[in-house]
Structures are given as C-alpha cells and as structure tokens.
Undergrad: 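Sending over a structure as structure tokens; questions will come in a sec.
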Amino acid sequence: MWRWLKRIALTLLLLIALLASPIVWIETACRGSGETIAYAPVITDPAHHRAESRSYMTYPEWHIVHAYDDYAQVISTGDPHDYAYFAGIKGFWTSLCALSKSSAQHGGFSTTSKQTIYTIGVSFTAELAMKALYEETIGRIATLVRGPDHTPLDDLSAKQAAQYAKFLQQVPWYKWDFPADVAALMAAKTDSFRDTERAIALGLEFGAKSKYAGVIAAAVASVGADELTLRMVVTDIERPVLAGYDMVQIVATHPQGTEIETPRYRVLTHILDELAQDGANFIEVAGNDDIMLTAISNAPYPSALHSFKRQGYGDFRHLISLNVIDLADTLRSFNATPITLEHIHDY
C-alpha cells in the first residue's frame with residue numbers, strides 16, 4: 001500500500017508540475033520592457049477609470065470563449081476527436097505570452113490579473129486535456145461503432161455547444177443552465193450505443209460543471225460582480241444622434257467631446273462599431289488612450305500583436321493594439337478590406 005501511495009503522490013506531483021509549467025514559462029520568458037506613457041484623462045473621476053492593461057488581459061478569458069465556439073464549429077459536421085485540444089491549450093498560453101510582453105507599456109501584468117488568468121488557464125488546460133484523453137479513446141471508439149452518420153445526441157450536443165459559446169459572449173459561464181442540457185440530452189436519447197455513450201459522458205461533464213458553477217456563483221456573490229457599464233468620450237457626432245442609441249446614456253459635455261456611458265462586453269463592440277460608422281471618433285475609453293481588439297481574416301495581419309489559425313473556420317484571428325483616437329478610423333477601414341471585426345476588448 002505504501003508503494004502505491006508513493007506512486008499516486010508522484011503522479012500528482014508530475015501533474016501539478018505539468019499544469020504549472022506554462023505559468024513558469026510566462027513568468028520567465030514573456031516579460032516585456034518599456035515605460036508606460038502618461039496620459040491625462042478627460043474624465044477625471046477615478047471611479048470611471050480602469051487599468052489600461054486590462055484591455056489586453058481580458059483576452060485570455062475570451063480565448064476560452066472562442067475555443068468553445070471553435071469546438072462547436074468542428075463538431076457541427078465532425079466529431080469531438082476532430083478538435084485539436086492541445087492546439088487550443090497552446091493558443092491560450094502563446095497569446096498570453098504575447099500579451100504579457102505588450103502589457104509592460106500599458107501598466108503591466110498586475111498580480112490581481114495573474115491570479116485570475118493563471119487560475120482559469122490551468123483549469124482550461126486541465127479540462128481540455130481530460131476531454132482529449134476521453135474523446136481520443138472511448139469517444140473515438142464510440143464513433144467507430146456508430147459509423148459515419150451523426151446520431152441525435154451528436155447533433156444536439158453540437159447545438160448546445162454553439163448556444164453555450166454564444167451565451168458566453170455576454171454572460172458569465174456559471175450562469176448557464178447545465179441541468180437543462182442534461183435533461184435535453186436524456187429526452188432526445190435513443191437506444192444506440194453512441195447516444196448512450198454521449199448521454200453518460202456529457203451528463204457527467206455537465207453535472208460537474210453545474211456543481212462548480214454553484215461554487216463560483218457563491219464566490220462572486222460574496223465579493224460583488226464587476227461593473228456592467230463604462231464611460232468614454234466621443235466627438236464628431238451630434239447629441240440627437242447619440243440620444244437615438246437605446247443603450248447609450250449621455251453623461252456630460254467636455255471641451256474635448258461628449259461623455260457617454262454604455263454597456264460592456266459583447267454589446268460594447270456593436271455600439272462602438274455603430275458609432276464609428278455614424279462618423280463618431282473616440283477620445284478615450286474608461287480613462288485610457290490605448291485599446292485592443294480582435295479581428296478575423298484569411299491572411300496574416302503583419303502589425304498584429306499575435307495571430308493564429310482558428311479551428312473549424314480555416315481563417316486567422318489577430319490581436320491588434322491601437323490608440324483609442326485611431327479606433328474609429330480602423331473600424332471604418334475594415335469595410336474596405338477583407339478583415340472582419342470580432343471583438344473590442346474593454347477594461
């Protein structure tokens with residue numbers, strides 16, 4: 001028994017070392033250089049300021065959202081083992097390395113951000129590694145028994161994955177109704193071997209996520225959720241036009257422009273793009289003069305901080321840093337180029 005306990009302990013230590021190794025790499029090989037350039041914000045109330053580096057450090061969470069979307073795209077016509085799980089893991093850590101280097105000129109990679117990002121990074125790595133282990137063995141065998149055609153639960157699980165990825169664009173993952181997914185799987189299940197295997201495997205996965213979601217929700221409730229709005233200064237657009245936006249609130253007028261308040265997350269991307277197309281320009285966002293966005297194209301983007309190929313789509317995602325005053329022109333320029341705006345990262 002003592003021999004087996006030592007083997008188990010050694011295995012656990014090796015797993016911990018493997019999961020921690022990307023963090024060691026980020027801390028040692030991905031340090032940036034350069035000083036933060038001072039900026040005097042138009043909005044002087046510190047309650048409406050956010051650390052500029054957060055525009056860059058919100059991406060890792062979105063990488064996970066995008067990974068779920070890629071996964072849904074892959075299994076819509078293929079099978080879970082067709083998704084390259086370790087490429088998804090690599091994409092998380094290599095993009096974080098590029099962002100860690102870049103953040104040095106925007107206030108740095110803060111300790112608070114590291115605690116959050118490293119935690120979700122290790123969790124994401126462990127989740128995808130376990131899914132890879134299962135889908136490349138038992139899951140693959142189940143598809144061989146099934147044959148080339150999808151079963152009802154193959155199609156339903158692909159639909160659920162797509163809905164989940166879309167949900168994550170605006171709402172925290174722990175608010176997703178995992179028990180409803182399990183109930184839907186059980187209701188649609190046939191007696192085929194593949195459907196039975198999917199019902200068991202996904203039922204266990206969703207059940208575990210549901211319990212973990214409850215823990216996270218309780219933790220968030222104890223510390224308070226993040227703010228759902230932010231403020232910015234815009235110019236070159238008339239107040240009546242601004243007033244016509246349902247989710248834009250005019251706060252004040254400054255010599256440099258109009259201060260407005262908008263929702264954050266995915267909705268913000270649509271609002272900023274609409275404002276730009278209406279001729280508006282941006283002076284600052286959340287007290288900052290730099291911002292990051294992601295865009296999609298079929299070819300590399302030379303000035304991107306980081307670019308990589310998307311699974312299931314065959315195109316490239318680019319992480320692009322720019323000055324806030326150049327944001328509107330950049331968004332308008334996308335109309336004449338084969339590049340598509342994906343998401344503007346707030347703070």
Undergrad: Set out, in order, the CA-CA distance, both residues' side-chain angles and the distance that settles side chain to side chain contact (heavy atoms under 4.5 Å, CB included) for Leu230 and Val285, then state yes or no.
TA: CA-CA 8 Å; Leu230 54 70; Val285 180; 4.0 Å; yes
Undergrad: Going through the distances and angles, do Glu205 and Lys209 end up as a salt bridge (Lys or Arg N to Asp or Glu O under 4.0 Å)?
TA: CA-CA 6 Å; Glu205 178 184 344; Lys209 285 184 175 179; 3.1 Å; yes
Undergrad: Determine the minimum heavy-atom distance between Tyr39 and Asn288, stating which atoms define it.
TA: CE2-C, 4.1 Å
Undergrad: Taking all heavy atoms of Ser321 and all of Leu305, pick out the closest pair and write down the distance.
TA: CB-CD1, 3.7 Å
Undergrad: A side-chain contact here means heavy atoms from C-beta on lying under 4.5 Å apart; do Leu185 and Gln160 qualify?
TA: yes
Undergrad: Please determine whether residues Val122 and Leu128 belong to a single hydrophobic cluster, defined as Ile, Leu, Val, Met, Phe, Trp and Tyr linked transitively by side-chain heavy-atom distances below 4.5 Å.
TA: yes
Undergrad: How many angstroms lie between atom CG of Asp155 and atom OG1 of Thr77, to the nearest 0.5 angstrom?
TA: 10.5 Å
Undergrad: To the closest 0.5 Å, what do you measure between CD1 (Ile89) and NE2 (His63)?
TA: 9.5 Å
Undergrad: Would you say Thr330's side chain and Asp326's backbone share a donor-acceptor pair under 3.5 angstrom?
TA: yes
Undergrad: Is the number of heavy atoms from other residues, nucleotides or ligands under 6.0 Å of Tyr212 OH greater than 12?
TA: no
Undergrad: Within a strict 4.5 Å, meaning less than it, do heavy atoms of the Trp93 and Ile23 side chains meet?
TA: yes
Undergrad: For the CG atom on Leu144, are there more than 12 heavy atoms of other groups (residues, nucleotides or ligands in this structure) within a distance under 6.0 Å?
TA: yes
Undergrad: Taking atom CD as the centre, does Gln170 end up with more than 12 heavy-atom neighbours from other residues, nucleotides or ligands that are less than 6.0 angstrom away?
TA: yes
Undergrad: Is Asp290 close to Ser55 at the side-chain level, that is, under 4.5 Å between some pair of heavy atoms?
TA: no
Undergrad: Which heavy-atom pair separates Leu18 from Ser21 by the least distance, and what is that distance?
TA: O-OG, 2.6 Å
Undergrad: Pro152 and Ala188: which non-hydrogen atoms are nearest, and at how many Å?
TA: CB-O, 3.9 Å
Undergrad: Within the 3.5 Å criterion, strictly below it, is a donor on Asp289 or Asn323 matched to an acceptor on the partner's side chain?
TA: no
Undergrad: Within a strict 4.5 Å, meaning less than it, do heavy atoms of the Glu342 and Leu293 side chains meet?
TA: no
Undergrad: Within a reach of under 6.0 Å around NZ of Lys189, are more than 12 heavy atoms found that belong to other residues, nucleotides or ligands?
TA: yes
Undergrad: Can you confirm whether or not the ring centre of Phe178 sits under 6.0 Å from the ring centre of Tyr164?
TA: yes
Undergrad: Does any part of the side chain of Tyr59, heavy atoms only, come nearer than 4.5 Å to the side chain of Leu96, both counted from C-beta?
TA: no
Undergrad: What distance do Ile250 atom CD1 and Tyr245 atom OH have between them, rounded to the nearest 0.5 Å?
TA: 11.5 Å
Undergrad: How about Trp62 and Phe92: are their ring centres within less than 6.0 Å of each other?
TA: no
Undergrad: Do the side chains of Val267 and Tyr265 join up, straight or via other hydrophobic residues, at under 4.5 Å, putting them in one cluster?
TA: no
Undergrad: Just to verify, what does Asn281 make a side chain to side chain contact (heavy atoms under 4.5 Å, CB included) with, not counting sequence neighbours?
TA: Thr235, Asp236, Ala328, Asp329, Arg332
Undergrad: Indicate whether any N or O donor in one side chain lies under 3.5 Å from an N or O acceptor in the other, for Asn335 and Gln277.
TA: yes
Undergrad: For the residue pair Ser110 and Thr112, confirm or rule out a side-chain donor-acceptor distance under 3.5 Å.
TA: no
Undergrad: For the residue pair Gln73 / Asp69, report whether a side-chain donor-acceptor contact shorter than 3.5 Å exists.
TA: no
Undergrad: Dump the intermediate steps for salt bridge (Lys or Arg N to Asp or Glu O under 4.0 Å) on Arg146 and Asp79, then the final yes or no.
TA: CA-CA 11 Å; Arg146 177 204 66 195; Asp79 290 308; 2.8 Å; yes
Undergrad: Can you tell if the side chain of Leu153 reaches within under 4.5 Å of the side chain of Ser157, non-hydrogen atoms only?
TA: no
Undergrad: Is the side chain of Asp278 donor-acceptor paired with the backbone N or O of Ala280 at a distance under 3.5 Å, no angle test?
TA: no
Undergrad: How many angstroms lie between OG1 in Thr262 and CG in Leu275, if you round to the nearest 0.5 Å?
TA: 8.5 Å
Undergrad: Indicate yes or no for a side-chain donor-acceptor contact from Glu284 to the backbone of Ile43 under 3.5 Å, with no hydrogens or angles considered.
TA: yes
Undergrad: So which heavy atom on Ala84 is nearest to which on Gln311, and how close?
TA: N-OE1, 2.7 Å
Undergrad: Just checking, any donor-acceptor pair under 3.5 angstrom between side chains of Trp176 and Ser210?
TA: no
Undergrad: What's the shortest heavy-atom distance between Ser76 and Ala158, and which atoms?
TA: CA-CB, 4.0 Å
Undergrad: Could you go step by step and tell me if Thr258 and Ile260 meet the side chain to side chain contact (heavy atoms under 4.5 Å, CB included) rule?
TA: CA-CA 6 Å; Thr258 304; Ile260 62 174; 4.1 Å; yes
Undergrad: Using 0.5 Å steps for rounding, measure from the NZ atom of Lys114 to the CD1 atom of Ile26.
TA: 10.0 Å
Undergrad: With sequence neighbours excluded, what pairs up with Asp195 under the salt bridge (charged side-chain N to carboxylate O under 4.0 Å, His left out) test?
TA: none
Undergrad: Between Phe308 and His306, does the ring centroid distance fall short of 6.0 Å?
TA: yes
Undergrad: Using a distance-only test with no angle check, is there a side-chain donor-acceptor pair under 3.5 angstrom linking Ser307 and His318?
TA: yes
Undergrad: Return the NE2 to CG distance between His343 and Leu272, rounded to the nearest 0.5 Å.
TA: 10.0 Å
Undergrad: Using the rule that two of Ile, Leu, Val, Met, Phe, Trp, Tyr join whenever any of their side-chain heavy atoms come within less than 4.5 Å, decide whether Phe167 and Leu156 are in one cluster.
TA: yes
Undergrad: Is any NZ, NE, NH1 or NH2 atom of the basic residue among Arg194 and Asp154 found under 4.0 Å from an Asp or Glu carboxylate oxygen of the other?
TA: yes
Undergrad: Using only atom types and a distance under 3.5 Å, with no angle test, would you say the side chain of Tyr85 pairs donor to acceptor with the backbone of Pro80?
TA: yes
Undergrad: Thinking salt bridges, do Glu227 and Arg50 make one under a 4.0 Å N-O criterion?
TA: no
Undergrad: Determine whether Val182 and Tyr174 fall in the same hydrophobic cluster, where Ile, Leu, Val, Met, Phe, Trp and Tyr are linked whenever their side-chain heavy atoms lie under 4.5 Å apart.
TA: yes
Undergrad: Stepwise, does the side chain to side chain contact (heavy atoms under 4.5 Å, CB included) test hold for Asn298 with Phe316?
TA: CA-CA 6 Å; Asn298 289 320; Phe316 293 86; 5.8 Å; no
Undergrad: Taking the six-membered ring for Trp and the single ring otherwise, decide whether the centroids of His106 and Tyr56 are under 6.0 Å apart.
TA: yes
Undergrad: Are side-chain N/O atoms of Tyr83 and Glu135 paired as donor and acceptor at under 3.5 Å?
TA: no
Undergrad: Do you see a donor-acceptor pair shorter than 3.5 Å between the side chains of Arg317 and Ser95?
TA: no
Undergrad: Indicate yes or no for a side-chain donor-acceptor contact from Ser113 to the backbone of Phe109 under 3.5 Å, with no hydrogens or angles considered.
TA: no
Undergrad: Quick check: do Leu319 and Leu99 have side-chain heavy atoms less than 4.5 Å from each other?
TA: yes
Undergrad: Can you find a heavy atom in the side chain of Arg239 that is under 4.5 Å from one in the side chain of Thr253?
TA: yes
Undergrad: Using the rule given for side chain to side chain contact (heavy atoms under 4.5 Å, CB included), can you reason through Trp173 versus Ile64, listing the C-alpha separation, both sets of side-chain angles and the distance that settles it, and then say yes or no?
TA: CA-CA 11 Å; Trp173 75 271; Ile64 297 174; over 6 Å; no
Undergrad: Parallel, tilted or perpendicular: which describes the rings of Tyr68 and Phe124, with under 30° parallel and over 60° perpendicular?
TA: perpendicular
